[in-house]
Amino acid sequence: MEEKVKAIVISSKDFKEKDKQIVLFSLEKGKVTAFLKGVKGANAKLKFAKELFCFGDYVLTESKVGKIVTSCEPIDMFYDITQNYENFSQGALILDVLNTVVNFNETNTALFINTLKALKILAYEKVNPHYVSLKFLIGIFEALGYKLSLNKCCCCGGLFVNRRFLCLETGEITCLGCKSPQSIEISNSVHTALRILSTTDYEKLSTIKLVSGSEKEALFLLVQNFEQRFSKKLKIF
Ligand SMILES: [Zn+2]
């Protein structure tokens with residue numbers, strides 16, 4: 001049986017001597033695992049189809065060992081993401097997040113479209129790559145029911161004026177009065193960075209400038225929050 005899916009490679013690892021096992025995030029079926037036979041050689045016809053970030057029309061054929069990629073028509077390789085360490089590290093973070101939250105046989109069209117937007121900006125726009133991964137994570141929390149409360153306290157509903165805190169146990173952002181003992185403080189610059197990123201479209205990310213260093217601090221906070229929410233350690237490069 002043959003099936004055709006529009007998909008992005010989100011994980012790729014060696015399998016036996018000459019093969020690769022890839023994980024695809026597909027538009028039609030969510031997460032799909034497939035094998036690529038004999039693609040490690042320099043002349044292999046489908047060697048491009050095992051690369052991280054490769055977006056294409058994949059043809060999968062069912063076999064005894066699982067699905068095998070029998071053909072792939074590339075749409076965009078997002079090759080530029082791999083040409084710069086910072087871009088690659090943030091792109092790889094996005095793929096790792098996807099590998100955690102996307103399920104087998106469960107479509108998520110909105111997330112698929114957002115992923116393509118993020119990868120496109122990362123590859124082709126002059127933008128701080130951390131802004132892209134942060135924007136992506138903020139969207140993930142919202143899409144999966146953990147929307148960050150950036151304007152008002154999760155508990156009392158009071159607007160944030162001075163200080164605000166993130167409770168890693170619950171993912172809630174609260175005011176000083178409502179914080180739990182183990183909450184960590186979100187600095188003014190990180191709070192501002194998150195608010196700006198949450199309301200700026202991907203297409204406009206190249207036009208904003210956040211306080212230097214706040215993007216890395218914000219990312220550290222969101223990665224911690226993600227790891228707690230999804231009980232998974234992310235690969236940080
Ligand atoms: Zn409160």
Side-chain angles (χ1 to χ4, degrees), residues 7-16 19-26 30-36 39-40 47-56 58 66 69 76-104 106 108 111-112 114-123 127-146 148 166 168-169 171 184 190 193-194 197 202 205 213-237:
I8 305 159
V9 177
I10 58 173
S11 157
S12 180
K13 63 181 183 191
D14 289 345
F15 187 76
K16 292 186 179 161
D19 305 344
K20 283 270 181 181
Q21 182 181 30
I22 58 171
V23 178
L24 295 167
F25 173 25
S26 72
K31 203 150 105 166
V32 178
T33 302
F35 295 95
L36 281 149
V39 283
K40 287 165 82 179
K47 64 177 180 174
F48 69 90
K50 70 181 187 309
E51 300 297 331
L52 288 179
F53 307 107
C54 176
F55 168 45
Y58 282 79
V69 179
D76 198 330
M77 296 294 294
F78 298 115
Y79 175 73
D80 291 33
I81 297 177
T82 63
Q83 295 309 293
N84 158 312
Y85 174 78
E86 291 273 298
N87 282 18
F88 176 77
S89 67
Q90 296 315 303
L93 177 64
I94 288 173
L95 299 189
D96 202 21
V97 164
L98 286 170
N99 205 355
T100 309
V101 303
V102 176
N103 296 315
F104 292 102
E106 193 182 294
N108 192 333
L111 182 56
F112 193 82
N114 266 340
T115 302
L116 287 177
K117 268 190 204 175
L119 296 182
K120 206 167 145 188
I121 299 294
L122 209 49
V127 58
N128 182 325
H130 289 87
Y131 294 4
V132 182
S133 52
L134 274 167
K135 170 89 189 153
F136 188 76
L137 273 170
I138 293 169
I140 286 283
F141 288 124
E142 182 167 355
L144 298 173
Y146 302 104
L148 301 171
L166 170 68
L168 286 174
E169 298 267 294
I184 44 178
V190 166
L194 292 174
L197 288 166
Y202 279 105
L205 284 184
S214 65
E215 78 281 23
K216 287 188 180 163
E217 215 185 306
L219 189 65
F220 181 63
L221 196 75
L222 293 199
V223 164
Q224 278 181 289
N225 191 28
F226 182 90
E227 291 179 340
Q228 285 281 336
R229 301 284 73 73
F230 298 96
S231 306
K232 153 98 198 263
K233 269 262 172 247
L234 291 172
K235 283 179 245 159
I236 308 290
F237 293 84

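Values reported hereafter were calculated over all heavy atoms of this structure, with side chains retained and with hydrogens, waters and symmetry mates removed.
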Test item: Ile184 and Leu221 side chains (from C-beta on) under 4.5 Å apart, heavy atoms | yes
Specify whether Phe53 and Phe88 have parallel, tilted or perpendicular ring planes, treating 30° as the upper limit for parallel and 60° as the lower limit for perpendicular.
-> perpendicular
Side-chain heavy atoms of Lys20 within contact of Phe15, under 4.5 Å = no
side-chain contact (heavy atoms from CB on, under 4.5 Å) with Gln83: which residues, sequence neighbours excluded?
-> Tyr79
Decide side-chain contact (heavy atoms from CB on, under 4.5 Å) for Leu119 and Phe55; before the verdict, give the C-alpha distance in whole Å, the side-chain angles of both, and the deciding distance to 0.1 Å.
-> CA-CA 10 Å; Leu119 296 182; Phe55 168 45; over 6 Å; no
Excluding sequence neighbours, so at least two apart, what forms side-chain hydrogen bond (donor to acceptor under 3.5 Å, both in side chains) with Asp19?
-> none
Answer whether the closest heavy-atom distance between the side chains of Leu194 and Leu222 falls below 4.5 Å.
-> yes
Do you know which two heavy atoms are closest between Ser133 and Leu93, and how far apart they sit?
-> CB-CD2, 4.1 Å
Please check if the side chain of Asn103 supplies one atom and the backbone of Glu106 the other of a donor-acceptor pair under 3.5 Å.
-> no
Below 4.5 Å, heavy atoms only, C-beta onward: do Thr115 and Phe136 meet side chain to side chain?
-> yes
Glu227 side chain to Leu234 backbone, donor-acceptor under 3.5 Å = yes
Student check: side-chain heavy atoms of Leu137 and Val97 closer than 4.5 Å = yes
For the student: nearest non-hydrogen atoms of Gly91 and Ile81, plus distance | CA-CG2, 4.4 Å
If you look at every heavy atom in Cys54 and Ala49, which pair is closest and at what distance?
-> SG-CA, 4.2 Å
Between Phe112 and Ile8, is any pair of side-chain heavy atoms under 4.5 Å apart?
-> yes
Non-neighbouring partners of Ala34 that pass side-chain contact (heavy atoms from CB on, under 4.5 Å), sequence neighbours left out = Ile22, Leu60, Lys67, Val69
Pairwise distance CD(Gln21) to OG1(Thr33) - rounded to 0.5 angstrom = 6.0 Å
Chi angles and distances behind the side-chain contact (heavy atoms from CB on, under 4.5 Å) call for Val23, Lys31 | CA-CA 7 Å; Val23 178; Lys31 203 150 105 166; 3.5 Å; yes
Do any pairs count as a salt bridge (charged side-chain N to carboxylate O under 4.0 Å, His left out) and have a residue in residues 78-97, sequence neighbours left out, and if so which ones?
-> Asp96-Lys232
side-chain contact (heavy atoms from CB on, under 4.5 Å), paired with Tyr131, selected from Ile121, Leu197, Leu219, Leu122 | Leu197
Return the set of residues passing side-chain contact (heavy atoms from CB on, under 4.5 Å) with Asn225 (not counting sequence neighbours), or none when no residue passes.
-> Phe141, Leu148, Leu166, Leu168, Arg229
Close side-chain approach of Asn87 to Val132, heavy-atom, < 4.5 Å | no
Backbone N or O of Lys47 within a donor-acceptor pair of the Lys50 side chain at under 3.5 Å?
-> yes
Which residues share a salt bridge (charged side-chain N to carboxylate O under 4.0 Å, His left out) with Lys40, sequence neighbours left out = Asp14
Heavy atoms only: give me the nearest Ser26-Val32 pair and the separation to one decimal.
-> OG-CG2, 3.8 Å
Validation row: Val9, Leu95 side chains within 4.5 angstrom (heavy atoms) = no
Which heavy-atom pair separates Tyr202 from Asn114 by the least distance, and what is that distance?
-> CE1-OD1, 3.8 Å
Closest contact, heavy atoms only, Leu205 versus Lys135 | CD1-CB, 4.2 Å
